Amino acid sequence: MTVERRGLGSSRTGTSHWWRQRLTAIALAPLTVFLVGLLPVLAAATHEEFVEIMRIPVTPVALVLLLAAGLYHMKLGLQVVIEDYVHGEPVKVGLRIALTLATCLLAAAGIVSVVMLAA
Amino acid sequence: MADMRERPLSPHLQIYRPQITSVLSIGHRATGIVLSLGAALLVLWLTAAAAGPDWFDIAQRCAGSWPGYALLFVFSVCLVYHLLNGVRHLFWDAGLGFELETVSRTGWAVVAGTVLLTAAIWLLGLAVAEGP
């Protein structure tokens, strides 16, 4: 297999990828603490109690931020895993497309669910 | 790749003795991959809650089962480890803590912190979940 040399360096968007991984990491530090505090409360909740907690504004706001930052952080990380271990160009591009689409699906499903519960 | 065959290769990974630095490094990636599954399940759980009480009950029963608890425990270990080691990475990004001795010391601190924090989370979490 030949790999075309594009002469653009290892990546055209390396710095921005690196920076966004860190930016989301910083955002996720406090959001993770919030999640760890919230989960035991929600774990034992009935549906009625769950909805009640979701109607306190801080819960949906933090959850939407957590989903956005967390899933983007996940996407950036898994992208590097794919790039490191998958060497065939067609498979690599295919997996990266699948990753982006799956991330969007998770983000949409998660955020819409939170908004529905909070509304 | 035929022309690559005779070229010298760097020693393979299995040659090296595992060190705290290398083990924690691959551990960060491994826990990140596991947490991706956790993120997907978190979204599934929220979706079930939004779908109504019937779906939510199914999700709650899955999470409250033995395999559910085992999975939640694995996720909690991975989350605490990835968070603590992630902070360690952020300090490196700021150019701090690169001395070999410091790297090793913060590495062991992450291991100890993961054990202690995970234990604390489960002790407090179970107390909260079971109620007064």
Side-chain angles (χ1 to χ4, degrees), chain A residues 1-3 18-19 21-22 24-26 28-33 35-48 50-51 53-54 60 63-64 66-67 70-71 73-78 80-81 84-85 87 99 102-103 105-119, chain B residues 1-2 28-60 63-64 68-69 72 75-76 79-80 82-90 92-94 117-118 120-131:
Chain A
M1 198 196 79
T2 55
V3 176
W18 185 91
W19 180 249
Q21 185 89 71
R22 270 69 189 170
T24 49
I26 293 166
L28 281 167
L31 290 169
T32 304
V33 175
L35 179 74
V36 168
L38 181 70
L39 278 184
V41 179
L42 293 181
T46 63
H47 191 259
E48 210 173 314
F50 191 105
V51 171
I53 294 164
M54 292 297 280
L63 278 176
V64 167
L66 176 83
L67 286 167
L71 291 170
H73 189 80
M74 175 198 87
K75 190 251 170 204
L76 293 170
L78 290 180
V80 179
V81 173
D84 281 355
Y85 302 134
H87 299 304
L99 174 63
T103 306
L105 176 68
L106 286 176
I111 291 169
V112 168
S113 298
V114 169
V115 171
M116 277 175 71
L117 286 160
Chain B
M1 290 289 197
H28 198 72
R29 174 165 285 193
T31 50
I33 294 170
V34 172
L35 287 172
S36 303
L37 180 65
L41 290 178
L42 176 69
V43 168
L44 203 59
W45 184 59
L46 290 168
T47 313
D54 293 344
W55 288 102
F56 185 68
D57 282 347
I58 297 172
Q60 289 296 71
Y69 261 95
L72 282 171
F75 288 142
S76 68
L79 188 67
V80 172
H82 202 85
L83 174 64
L84 293 179
N85 202 48
V87 171
R88 187 163 164 254
H89 268 279
L90 288 174
W92 288 336
D93 294 333
L117 268 179
T118 309
I121 287 167
W122 277 91
L123 288 176
L124 283 174
L126 286 175
V128 169
E130 274 158 26

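FYI, side chains are in, hydrogens and waters are out, and symmetry mates aren't considered; it's all heavy atoms of this structure. Computed from a predicted model, the values in this text were never measured in an experiment. Letters A, B, ... mirror the listed sequences (proteins, then strands); counts begin at 1.
Between A:Leu39 and B:Trp45, some side-chain heavy-atom pair lies under the 4.5 Å cut-off. For the pair B:Leu83 and A:Leu28, the minimum side-chain heavy-atom distance is 4.5 Å or more.
Of the atoms belonging to B:Trp122, not a single heavy atom falls under 4.5 Å from chain A. Contact of A:Ile111 with chain B is not made at all, since no heavy-atom distance falls under 4.5 Å. Of the two parts of A:Leu105, neither the backbone nor the side chain holds a non-hydrogen atom closer than 4.5 Å to a non-hydrogen atom of chain B. Only the backbone of A:Thr46 has a heavy atom closer than 4.5 Å to any heavy atom of chain B. With a 4.5 angstrom heavy-atom cutoff, A:Ala109 touches chain B via backbone and side-chain atoms both. For a residue to count as touching a neighbouring chain, one of its non-hydrogen atoms must lie under 4.5 Å from one of that chain's; by this rule A:Val114 touches chain B with the side chain only. Contacts between A:Leu117 and chain B at a heavy-atom distance below 4.5 Å involve the side chain alone, from C-beta outward. Within the 4.5 angstrom heavy-atom criterion, atoms from both the backbone and the side chain of A:Val41 approach chain B.
Contacts with chain A (heavy atom to heavy atom, under 4.5 Å) involve these residues of residues 37-44 of chain B, listed by number: B:Ala39, B:Ala40, B:Leu42, B:Val43.
Counting heavy-atom pairs closer than 4.5 Å to chain B, the top residue among A:Leu42, A:Val80, A:Leu78 is A:Leu42. The choice from B:Leu90, B:Asp93, B:Thr47, B:Leu124 that makes the most heavy-atom pairs within less than 4.5 Å of chain A is B:Asp93.
Note: B:His82 NE2 to A:His73 NE2 = 4.5 Å, rounded to the nearest 0.5 Å.
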Side chain to side chain contact (heavy atoms under 4.5 Å, CB included) for A:Met74 and B:Leu35? Distances and angles first, verdict last. CA-CA 8 Å; A:Met74 175 198 87; B:Leu35 287 172; over 6 Å; no
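Contacts of B:Asp57 classified as salt bridge (Lys or Arg N to Asp or Glu O under 4.0 Å), with partners at least two apart in sequence or in another chain: none.
For A:Trp19, the CH2 atom is loosely surrounded, since the number of other residues' heavy atoms within 6.0 Å does not exceed 12.
Using modelled atom types, one side-chain atom of A:His47 and one backbone atom of B:Ala49 make a donor-acceptor pair closer than 3.5 Å.
The nearest pair of heavy atoms linking B:Gln60 to A:Ala45 is NE2-O, 3.2 Å.
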